[in-house]
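Here's the structure, in structure tokens; my notes come after.
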2 protein chains.
Amino acid sequence: MNIGEIARRAGVSRSTVSYALTGKRPVSEATRRRIQDVIDELDYKPNAAARALAEGRTRTIGLVIPPAAARLTHMQLDFVAAVVEAAAKVDLDVLLSPSGGDHDRSFERMISGRRVDGAIVMEIRVQDARVERLLDEELPFVGIGHTARADRMCWIDVDYATLIGRCVHHLADLGHSAVALVNRSPELVASGYGPGLRAAEGFGAAVAERGIAGYAYLCGDDAASGRSVVERIRAEHPEVTGIATLNEAALPGVQHGLEDAGLRVPRDVSIVGVAAAQWAQDFRPPLTAADVPAQQMGAQAVELLVERIAAPDTIPRHILLTPPISLRSSSAPAPR
Amino acid sequence: MNIGEIARRAGVSRSTVSYALTGKRPVSEATRRRIQDVIDELDYKPNAAARALAEGRTRTIGLVIPPAAARLTHMQLDFVAAVVEAAAKVDLDVLLSPSGGDHDRSFERMISGRRVDGAIVMEIRVQDARVERLLDEELPFVGIGHTARADRMCWIDVDYATLIGRCVHHLADLGHSAVALVNRSPELVASGYGPGLRAAEGFGAAVAERGIAGYAYLCGDDAASGRSVVERIRAEHPEVTGIATLNEAALPGVQHGLEDAGLRVPRDVSIVGVAAAQWAQDFRPPLTAADVPAQQMGAQAVELLVERIAAPDTIPRHILLTPPISLRSSSAPAPR
DNA sequence: TTGTATGCGTTATCAT
DNA sequence: ATGATAACGCATACAA
């Protein structure tokens, strides 16, 4: 079923059908109805590929997610969900590309095949090949996270340096004098993962400012690693009574590890994190944390992208969020 | 950059370039090289929409996910991840459509716009408008889950009736004489959600067979509901010492609720579930559960779909999985 | 208000 | 082994 067939049955030309559909040209009420009847009868829908070819746009956006998708964190999952919902709301389809490094086939198909009108890229690294690729392909995009050269792109991010700093201050305020940072995985941070690097900075600055002892640990993004990082902290710095973290996935393991060591949260050890709100609430005990508004961010990313697609040559906008810390039950005054 | 430009610069016709690219017709080594050089130089990639239009296929599959995407369970997330990975592996792109009922715009775009060569539909209900739609549109698809008329479609599913039955038998074997089923949400089950209905059947059959007391409860897919269902169970049937569930999302709340009531797992109450393996392991205490191999299922769904796209008129294949229960730490002999 | 003709970038069917 | 050319289904500039 194509537009020609509709035109034939309605006794009009193809262009009239097309215009009746798009409304880009006035069509008399009579013929409009006649056409609509035929369309309804055969339930005709224009072919997306043909339309994309003729129109030069696909009405689709790409969403570039981390490749090891099975290990998406709650926060990442919330981003994906929010992006998909927000896109659907403005009648945009979402094409998923699981790609991290460069030269990824699905990423390349998306970009150079012009399968999408624009893209949202998750888990941006400080230097990111995908960003370079998108820039020189001149495809509109927005990052969730930003590169070192932040001015060249459109992005939305969370101010991890400040947030982890606030975690430290909160712990210091509670009287903790030795704290540890449980950062993301060694591989991720080594590859220049922005939040990891910035969290480390913020942590260093804050402990220096407060004059307390601070020890930064890298930790794999899984429960087992969380467990073992606790063992390392206990062995190397048993005086630590406060933990700041942005590693959601490790936290259940951290919790188990503390339990194994006979330590209770928050009586013996306080934990303060940066995490998705929903997740922080459901943690046990409910986690004192800077709640990252992942859903809102996903929706805003779509907004930014839509803007950018409409006006690709304006200067890139940025949004940097610094959500407040929500006090819950995982932090308490330092034990005496 | 289009194929014509490549042809011009290489001094050949467009068709020759096309054939050099697809290999569907022999091309002399000399011209092939010449063409390839031009292609590499301009890094030309064929336009996806044009190709789709000419070829009649999009090299894209649709993935229909539940609409309230923010609340995807771990198991659902694992499906999505597995599908995306498996699809990427065979150079298929994935278009996401968050749609539950019928008449969903993104679903309709996908189907009638012929944006995809086939689709994978998650969270199938016993009677499912999307399935009907796909059937009469004659678009190849496979369901994760099956309808009442299972023979008409291609699907892969988990045998919830049997698995929940096994949970009950496991509890009975441990001496529990009063058990409860924590099912999925009232809305979901009321709308004919297969796993919910089949779990209830399996539960009923098993408690009858063992001659123990069994109480089936519906429960929203969230922690708060989990908490309140425990309160209800405690109030109405305080003798219950065993819980069988397929409601992952409620389980943290169930756990909290039991704690609030001063009950410990598994000392006072045993919990046995049907859940994603990863999640069951990370639960506290590690959950005795039938581990749903979500990743494998996602990959198999893609395989089935690829098969079906290649041969749409063969009789539909089905895969019904019954993974064994993995004993972990959430189940123990009934308290005396 | 409506119709005609052309272009979008490929693939594929004829020819040669 | 290669070239011309007609689809593919729609949008739109140009005519009437």
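Residue numbers start from 1 in every chain, and the chains themselves are labelled A, B, ... in the order their sequence lines are given, proteins ahead of strands. Everything numeric in this text was worked out from a predicted model, so none of it was measured.
- Contact annotation for G11(B): backbone-only contact, meaning every heavy-atom pair under 4.0 Å involves sugar-phosphate atoms and none involves a base.
- In this structure, L53(A) places its CG atom 18 Å from P of dT6(C), rounding to the nearest Å.
- Across the protein-nucleic acid pair, K24(A) atom NZ and dT1(C) atom C1' stand 19 Å apart, rounded to whole Å.
- Residues R14(A) and E55(B) both approach DNA chain D. Their nearest nucleotides, taken by heavy-atom distance, put E55(B) toward the 5′ side.
- Candidate nucleotides dG3(C), dG7(C), dT11(C) were compared by shortest atom distance to the side chain of I3(B), and dT11(C) ranks first.
- Salt bridge absent: K89(B) and E303(B) never bring a charged side-chain N and a carboxylate O closer than 4.0 Å.
- Across all strands, V12(A) comes closer than 4.0 Å only to sugar-phosphate atoms, never to a base (heavy-atom distances).
- Proximity of S28(A) to the phosphate of dT2(C): a side-chain N or O atom is located under 4.0 Å from OP1 or OP2.
- Nearest-nucleotide positions on DNA chain C for A50(B) and S15(B) put A50(B) closer to the 5' end.
- Between S18(A) and dC10(D) there is no side-chain N or O to OP1 or OP2 distance below 4.0 Å.
- For the pair N2(B) CG and dG9(C) C1', the interatomic distance rounds to 6 Å; values are reported in whole Å.
- As rounded to whole Å, 13 Å separates atom P of dC8(C) from atom CD of E5(B).
- Taking atom CZ of R57(A) as the reference point, atom C1' of dT12(D) lies 14 Å away to the nearest angstrom.
- Between M1(B) and Y19(A), the residue whose closest nucleotide on DNA chain C is further toward the 5' end is Y19(A).
- Relative to the side chain of T16(B), the nucleotides dT10(C), dG3(D), dA11(D) differ in distance, and dG3(D) lies closest.
- Among all heavy-atom pairs drawn from E85(B) and P98(A), the shortest one is OE2-CB, 3.9 Å.
- Here the nucleotide nearest the side chain of P26(A), chosen from dT1(C), dT12(D), dA4(D), is dT1(C).
- Taking CZ from R125(B) and OG1 from T147(B), the interatomic distance works out to 11.5 Å, rounded to the nearest 0.5 Å.
- Taking CG of L63(B) as the reference point, atom CD1 of I120(B) lies at 6.0 Å (rounded to 0.5 Å).
- Closest to the side chain of T31(A), from the set dT11(C), dC10(D), dT2(C), is dT2(C).
- As rounded to whole Å, 18 Å separates atom P of dA1(D) from atom CZ of R33(B).
- Atom CD of E138(B) is surrounded by 12 or fewer heavy atoms from other residues, nucleotides or ligands within 6.0 Å.
- Under 3.5 Å, the side chain of R25(A) and the base of dG3(C) form at least one donor-acceptor pair of N or O atoms.
- Following rounding to the nearest Å, R114(B) (CZ) and dC10(D) (C1') show an atom-to-atom distance of 17 Å.
- Between the C1' atom of dG9(C) and the CZ atom of R51(B) lies a distance of 11 Å, rounded to the nearest Å.
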